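Please read all numbers here as calculations on a predicted model, not as lab measurements.
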Amino acid sequence: MARSLKSLGRAAVAALSLVSFIPITANATAAESQKPRSLLVPSVPSPIAQSNNYIVNVRTDNDTQWQPVELYWTRVMVANVTTGAAIYHNSSVGTFDFDGIVNISIEPSRDTFPSVDSVRIRPLSYNIPWKLDGRTILLTISKPTNLVVEVNGDVFQVLHLFLNKMDTGAPHHEKNKTVTSFSPGYHKLNETYKISSGETVYLAPGAVIQGSFVFLHAEEARLIGHGIIYGSTLNAVNVSFSNNIVVDGPTVLSPLHASVGVGSSRNVLVRNLRVISSGQWGDGIDTWCSHNIIYEKLFMRTADDCLAFYLSSSGYSGNSQNITVRDSAVWADVAHPLNVGGFGGNETMSDVTFDNIDILDQHEPQIYYQGCMAMSTSNGNIVKNVLFSNINVESFRLGMLFSFKVAYNPKYDSYAGGTLSNITVRNVEYNGSDSNLSILSGFDKDSQIEFVSFEGLKVNGKLIWSGMEKAPWYAVSDYVPAWVGAHVVNVTWSQ
Ligand SMILES: *[C@@H]1O[C@H](CO)[C@@H](O)[C@H](O)[C@H]1NC(C)=O
Ligand SMILES: *[C@@H]1O[C@H](CO)[C@@H](O)[C@H](O)[C@H]1NC(C)=O
Ligand SMILES: *[C@@H]1O[C@H](CO)[C@@H](O)[C@H](O)[C@H]1NC(C)=O
Ligand SMILES: *[C@@H]1O[C@H](CO)[C@@H](O)[C@H](O)[C@H]1NC(C)=O
Ligand SMILES: *[C@@H]1O[C@H](CO)[C@@H](O)[C@H](O)[C@H]1NC(C)=O
Ligand SMILES: *[C@@H]1O[C@H](CO)[C@@H](O)[C@H](O)[C@H]1NC(C)=O
Ligand SMILES: *[C@@H]1O[C@H](CO)[C@@H](O)[C@H](O)[C@H]1NC(C)=O
Ligand SMILES: *[C@@H]1O[C@H](CO)[C@@H](O)[C@H](O)[C@H]1NC(C)=O
Ligand SMILES: *[C@@H]1O[C@H](CO)[C@@H](O)[C@H](O)[C@H]1NC(C)=O
Ligand SMILES: *[C@@H]1O[C@H](CO)[C@@H](O)[C@H](O)[C@H]1NC(C)=O
Ligand SMILES: *[C@@H]1O[C@H](CO)[C@@H](O)[C@H](O)[C@H]1NC(C)=O
Ligand SMILES: *[C@@H]1O[C@H](CO)[C@@H](O)[C@H](O)[C@H]1NC(C)=O
């Protein structure tokens with residue numbers, strides 16, 4: 001059926017220009033006068049549910065006319081700590097495309113927020129300028145970004161803003177390449193859309209596709225554009241046994257379970273992907289047995305691991321090497337924001353980098369599955385050469401900062417893991433008072449944690465290192481605080 005949508009690209013973009021593509025030429029400063037300014041605010045197509053928790057308007061900075069931003073209704077969850085049952089909360093998503101600078105005005109609904117007492121714009125490290133004018137929050141945004149606007153400390157009924165660079169339309173057809181476009185509006189796929197080798201699937205801003213996309217034994221194929229993949233019952237995007245794949249731009253809302261899977265694939269770039277999930281096993285991106293993977297500019301708010309890197313399982317097998325996650329924000333309403341090393345059997349995961357990540361939250365009642373940065377080798381797997389650098393961890397609700405362990409978890413594992421070695425934790429900063437004790441725990445003489453280098457770790461503004469002011473008989477790890485158990489060797493703490 002989606003075949004009938006092929007080649008609608010040009011038409012779709014033309015229609016888009018008539019409806020809501022509003023280029024605005026500004027009398028700007030000399031330096032900026034060359035830049036055309038523009039704003040594209042797609043509407044939420046029926047029958048997709050909207051949220052009225054906020055009234056949002058946007059305008060380019062020198063335009064007097066505000067444009068309303070319709071909000072997607074979505075759902076987030078928290079586990080009841082007594083029963084484990086999910087408690088659901090309404091949440092909101094606003095998304096549009098722009099170039100230049102925009103002003104955004106946000107008025108929380110009186111029903112939900114009778115008074116507006118406090119506001120946080122997260123990630124806090126972005127230092128987004130804002131002010132409060134009566135009940136209205138005013139933001140000034142000058143580059144594409146993903147934000148959470150939080151009122152009165154309510155972490156659920158927030159406004160997620162996914163703000164894109166101006167859409168450039170469907171790509172031109174190249175020789176022997178297929179371009180399939182989904183125009184603005186609602187599309188229900190009757191079956192999984194299989195993206196072929198050489199094909200580009202373009203989701204226009206305002207396109208909402210209910211269903212899922214798969215790259216299976218595909219080469220040189222792409223899924224791009226600022227549309228929304230909605231209510232997927234399988235992975236919204238499944239990359240399996242594929243090579244040279246790009247996913248750039250989509251948002252995944254209300255998936256039944258996990259959003260993206262990448263297995264036994266090479267040279268995969270996933271960029272500008274946004275996910276909000278509330279269903280069971282609602283991981284953001286799962287990755288198995290893959291090489292040369294880049295994930296960047298992600299926003300994940302998920303009801304299970306935000307990012308999980310596994311070895312063999314689910315029909316995939318082999319080692320994993322060279323996986324980078326960067327310039328992203330993650331929020332785990334269940335389990336781990338970052339999780340490395342599960343499943344497999346005598347395999348190796350190496351060269352994994354997390355750089356410039358904001359960890360916004362973790363809420364996980366089970367100690368075993370806590371850890372904003374978690375690694376656990378299982379089933380004889382080796383995990384080595386892992387770098388966590390420039391990680392800001394905001395005050396989270398329930399969890400721990402680090403959990404590094406060689407595991408034997410009978411629920412998932414047949415036997416214990418191998419070594420976890422050469423781990424660098426560089427410029428990690430955490431502010432908060434609710435962290436449980438972090439854990440570094442080996443298994444036996446052959447299954448150790450070795451060579452862990454903490455460099456410039458800061459907790460609540462205090463630098464944790466071997467030269468810090470402390471009684472000589474106190475361990476540096478006491479100040480994290482972290483339990484460094486048996487079979488953990490060569491741990492160093494430097495500035
Ligand atoms: C999906 O299937 C239904 C029922 O068979 C059909 O009416 C509809 O046209 C199909 N949708 C698409 C987009 O092919
Ligand atoms: C916006 O308007 C102000 C005052 O009218 C002017 O100083 C500024 O240069 C304008 N900026 C842009 C980007 O047009
Ligand atoms: C969690 O479950 C317990 C037991 O059913 C119930 O008493 C409590 O109100 C629930 N908590 C929340 C926040 O719903
Ligand atoms: C979510 O929104 C619906 C519709 O507005 C409302 O009926 C329901 O009570 C809300 N749920 C919560 C938990 O606020
Ligand atoms: C709009 O953005 C400009 C920056 O371009 C800023 O100076 C101005 O205060 C903003 N206006 C509002 C209402 O936020
Ligand atoms: C076009 O691509 C197909 C499949 O990738 C290939 O079999 C065919 O030879 C190509 N044709 C040309 C003219 O390159
Ligand atoms: C992804 O696709 C592969 C290959 O078809 C399949 O084995 C796997 O179950 C799919 N994963 C999900 C979560 O749908
Ligand atoms: C790691 O993967 C990236 C992305 O595919 C690639 O550019 C880079 O060359 C790879 N590095 C190594 C050492 O293979
Ligand atoms: C892994 O190695 C152990 C010890 O040599 C062996 O007992 C086990 O069968 C191996 N597992 C796999 C999946 O190869
Ligand atoms: C340790 O890991 C880092 C990446 O964090 C890598 O650059 C370095 O080469 C590794 N060292 C060894 C001895 O493998
Ligand atoms: C922690 O607090 C310090 C001091 O207020 C601040 O400079 C830093 O940016 C904060 N870091 C994070 C990760 O929130
Ligand atoms: C690593 O730790 C082991 C056990 O404590 C010690 O014997 C060894 O000298 C250390 N190696 C280095 C390079 O520090």
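Between H89 atom NE2 and S278 atom OG the span is 11.0 Å, to the nearest 0.5 Å. To the nearest 0.5 Å, atom OG of residue S438 and atom OH of residue Y430 are 9.0 Å apart. Atom-to-atom distance recorded for E347:CD and S320:OG is 8.0 Å, nearest 0.5 angstrom. Here I293 contributes atom CD1 and R266 contributes atom CZ; the two are 9.0 Å apart, rounded to the nearest 0.5 Å. A distance of 10.0 Å separates OG1 of T302 from CD1 of I285, quoted to the nearest 0.5 Å.
Taking the side chain as every heavy atom from C-beta outward, L311 and N379 never approach each other to under 4.5 Å. Put simply, the side chain of L163 reaches to within 4.5 Å of the side chain of F96, judged on heavy atoms. Side-chain atoms of I229 and L203, non-hydrogen and from C-beta on, do get closer than 4.5 Å to each other. Counting only heavy atoms from C-beta outward, the side chains of R75 and S254 never approach each other to under 4.5 Å. In this structure, N235 and S212 have side chains that are not in contact, with every pair of non-hydrogen atoms separated by 4.5 Å or more. Side-chain contact check for V93 versus I228: every heavy-atom pair is 4.5 Å or farther apart. Taking the side chain as every heavy atom from C-beta outward, W281 and D286 never approach each other to under 4.5 Å. Residues V406 and I449 are in side-chain contact: their nearest non-hydrogen atoms beyond the backbone lie under 4.5 Å apart.
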Under the side-chain hydrogen bond (donor to acceptor under 3.5 Å, both in side chains) rule, what do R301 and N146 come out as? Steps first, then yes or no, please.
CA-CA 11 Å; R301 177 171 188 172; N146 300 308; over 6 Å; no
Going through the distances and angles, do L253 and R274 end up as a side chain to side chain contact (heavy atoms under 4.5 Å, CB included)?
CA-CA 8 Å; L253 294 180; R274 282 62 59 97; over 6 Å; no
Could you walk me through whether F454 and I464 pass the side chain to side chain contact (heavy atoms under 4.5 Å, CB included) check?
CA-CA 9 Å; F454 289 93; I464 313 289; over 6 Å; no
Side chain to side chain contact (heavy atoms under 4.5 Å, CB included), that's the test. Do V76 and I276 meet it? Break it down for me.
CA-CA 7 Å; V76 295; I276 299 180; 3.8 Å; yes
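Donor-acceptor pairing under 3.5 Å is recorded for the side chains of D117 and S115. Of the N and O atoms on the side chains of T112 and N53, at least one donor lies less than 3.5 Å from an acceptor on the other residue. In this model, no donor atom of one side chain and acceptor atom of the other lie less than 3.5 Å apart for E450 and N490.
A cation-pi arrangement, defined by a distance under 6.0 Å to the six-membered ring centre and an angle within 45 degrees of its axis, is absent between K384 and F451.
A salt bridge links D361 and R397; the closest N-O separation between the charged side-chain nitrogens and carboxylate oxygens is under 4.0 Å.
More than 12 heavy atoms of other shown residues, nucleotides or ligands fall within 6.0 angstrom of atom CH2 in W465. Counting heavy atoms of neighbouring residues, nucleotides and ligands inside a 6.0 Å radius, atom CH2 of W130 exceeds 12 of them. Dense packing is recorded around NZ of K470, with more than 12 heavy atoms of other residues, nucleotides or ligands lying under 6.0 Å away.
Sequence neighbours left out, the pairs with a member in residues 311-353 that pass ring-ring contact (aromatic ring centres under 6.0 Å, His included) are F241-Y316, W288-Y316, Y310-F343, F343-Y412.
The only option from I104, V158, I121, L159 that meets the side-chain contact (heavy atoms from CB on, under 4.5 Å) definition with L147 turns out to be I121.
Note: F388 and F404 have parallel aromatic rings, judged against thresholds of 30 and 60 degrees for the angle between ring planes.
A ring-centre distance under 6.0 Å is not found for Y72 and F162.
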